[in-house]
Amino acid sequence: MIRTVESPPHVSAPVLAAYSYCETVTGQQARNFAYGIRLLPAPKRRAMSALYAFSRRVDDIGDGALDAEVKASRLQDTRALLTRIRDGAVAEDDTDPVAVALAHAARTFPIPLGGLDELIDGVLMDVRGETYETWDDLKAYCRCVAGAIGRLSLGVFGTEPGARGAERAPEYADTLGLALQLTNILRDIREDAEDGRTYLPSDDLAKFGCSAGFSGPTPPEGSDFAGLVHFEVRRARALFAEGYRLLPMLDRRSGACVAAMAGIYRRLLDRIERDPEAVLRGRVSLPGREKAYVAVRGLSGLDARHVTRRTVRRRV
C-alpha cells in the first residue's frame with residue numbers, strides 16, 4: 001500500500017484530498033509502479049501518483065469496451081482537460097481530483113506535460129488498431145506510451161546539481177521507458193492477442209515463423225518462439241543497460257525509486273527468458289516478497305553504484 005498523504009501546511013485541504021485519491025488509485029492498480037514510488041519523499045510521491053492516475057485514465061479509455069469512435073472522442077476530451085491543466089485553469093475546488101492533483105504537481109515540479117499528449121497519441125494508435133512492421137515503428141509507439149512517462153517522471157525526480165552528463169538524462173529516462181514497455185509487450189503477448197492486438201514487429205514475427213500469431217497456450221506450429229523471445233529479451237536488456245545510466249544522476253531516493261521499478265521488470269525479463277512459453281500460458285509476475293527485495297536493493301544504492309563503476313571503467 002502507498003503510505004498515507006502527509007499534511008504540510010503549504011498544501012491546501014482540497015489539494016491533499018485530491019492527492020489522496022490519486023494515491024489510492026495508484027496503490028490499488030499499479031502493482032509494480034507502487035513499489036518504486038513508495039521510496040520517494042511525500043511531495044514527489046504525491047506528484048508521481050497524480051501522473052499515474054491521469055495516465056491510468058488514458059489507458060483505461062484505450063483498453064475499455066467502447067466503440068473506437070467513442071474512445072477517440074473521450075481521449076480528445078482528456079486532451080482538452082490536459083490543456084486546462086497546462087493553462088492553469090483548474091481550480092483547487094474543481095470536482096475532478098486527478099486534474100486538481102496534476103495541476104498542483106505541475107506547479108510544484110517542472111513536469112513536461114506534453115508527454116501526456118504523447119501518451120494520448122500512443123493510445124489513439126491502439127484505438128486505431130495500428131500494427132508495427134519494424135522495430136523503428138514499434139519504438140515510435142513505445143516512446144509515446146512509455147518513453148514519455150520516463151521523461152515526465154524525470155520532471156518530478158530532477159537531477160543532482162553538477163551531475164555529469166545530466167543533459168542526457170531525458171534521453172536515458174526515455175530509453176528506460178522503452179525497456180519497461182518492451183518487457184510489458186513480451187509479458188502480455190497472449191493477453192494482447194486475445195484482444196486482437198499485436199505489438200511485436202511483423203519483421204521479427206516472420207523471421208521466427210510466428211506470423212500466425214498467438215491464439216493459444218502453445219506457439220505456432222513450426223515456429224521458433226523461444227528464439228523470438230530471446231531476441232526481444234536481448235533488445236530489452238540493451239535498452240535497460242543504456243537507460244540505467246540515468247541512476248547516478250538522481251538523488252538517492254529518486255534513484256531508489258527508478259532502480260526498484262526497473263529492477264522488478266528486469267527480473268520479469270529473467271523469468272521470461274528462462275521459460276519463454278510461460279507468457280502463452282498466463283501472466284508472468286513476481287511475488288510481493290521479491291518486489292520488496294528489489295525495492296530494498298534500490299534504496300541501498302547498489303544498482304546506482306554498479307552503473308557508476310561500469311561507466312567509469314568505460315571512460316578509463
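This is a predicted model, so every value here is computed, not measured.
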Have S12 and E92 got a donor and an acceptor in their side chains that come within less than 3.5 Å? yes
How far apart are the C-alpha atoms of R79 and D121, what are their side-chain angles, what is the distance that settles it, and do they pass the side chain to side chain contact (heavy atoms under 4.5 Å, CB included) test? CA-CA 10 Å; R79 197 190 299 275; D121 291 339; 2.8 Å; yes
Would you indicate whether the side-chain heavy atoms of L154 and L250 approach each other to under 4.5 Å? yes
With respect to F208, which candidate in F231, F214, F225 satisfies the ring pair (Phe, Tyr, Trp, His ring centres under 6.0 Å) definition? F231
Member of R237, R235, R267 meeting the salt bridge (charged side-chain N to carboxylate O under 4.0 Å, His left out) criterion with E273: R237
Quick check: does any side chain N or O of S73 sit under 3.5 Å from a backbone N or O of E69, one acting as donor and the other as acceptor? no
So, D63 and R197, do they make that salt bridge, N to O below 4.0 Å? yes
D270/R274 salt bridge by N-O under 4.0 Å criterion: no
Interatomic distance, CG@L116 vs CD1@I85, rounded to 0.5 Å, equals 8.0 Å
Answer yes or no: is there a side-chain heavy-atom contact under 4.5 Å between E118 and R151? yes
What distance separates Y21 OH from D96 CG, expressed to the nearest 0.5 Å? 8.0 Å
Heavy atoms of S211 and A206 approach each other most closely as OG-CA, 3.3 Å
With a 4.5 Å cut-off on side-chain heavy atoms, are K139 and Y132 touching? no
Checking the side chain of D251 only, and the main-chain atoms of S254 only, is there a donor and an acceptor separated by less than 3.5 Å? yes
Looking at side-chain heavy atoms only, is the closest gap between E277 and P219 below 4.5 Å? yes
Below 4.5 Å, heavy atoms only, C-beta onward: do V100 and V15 meet side chain to side chain? yes
Less than 4.5 Å apart, any side-chain heavy atom of D204 and any of L138? no
Determine yes or no for a side-chain-to-main-chain donor-acceptor pair under 3.5 angstrom, with R190 supplying the side chain and V279 the backbone. no
Derivation of the salt bridge (Lys or Arg N to Asp or Glu O under 4.0 Å) call for D203 and K207: CA-CA 6 Å; D203 281 359; K207 185 187 305 181; over 6 Å; no
Does the side chain of D188 come within less than 4.5 Å of R283's, by heavy atoms? yes
Taking T24 for its side chain and S20 for its backbone only, find out whether a donor-acceptor pair lies under 3.5 Å. yes
Heavy atoms of R271 and P287 approach each other most closely as NH2-CD, 3.6 Å
If you take all heavy atoms of G115 and L152, which pair is closest and at what distance? C-CD1, 3.8 Å
Measure the spacing between CZ of R57 and CD1 of I61 and express it to the nearest 0.5 Å. 7.5 Å
Rounded to the nearest 0.5 Å, what separation is found between the SG atom of C142 and the CG atom of D137? 11.0 Å
Below 4.5 Å, heavy atoms only, C-beta onward: do L75 and V58 meet side chain to side chain? yes
In short, L186 meets L269 closest at the heavy-atom pair CD1-CD1, 4.0 Å
For atom CZ of R128, decide whether the heavy atoms of other residues, nucleotides or ligands shown that lie under 6.0 angstrom number more than 12. yes
Under a plain distance cut-off of 3.5 Å, with no hydrogens placed, do D126 and Y199 share a side-chain donor-acceptor pair? yes
Atom CD1 of I120 and atom CG of D77: how far apart are they, to the nearest 0.5 Å? 10.0 Å
Evaluation steps, side chain to side chain contact (heavy atoms under 4.5 Å, CB included), between L178 and E242: CA-CA 11 Å; L178 264 63; E242 180 72 7; over 6 Å; no
Flag if over 12 foreign heavy atoms under 6.0 Å of CD, E133: no
Taking the cut-offs as 6.0 angstrom to the six-membered ring centre and 45 degrees off its axis, would you call R266 and Y244 a cation-pi pair? yes
Approximate separation, where rounding is to 0.5 Å, of I149 CD1 and L180 CG: 11.0 Å
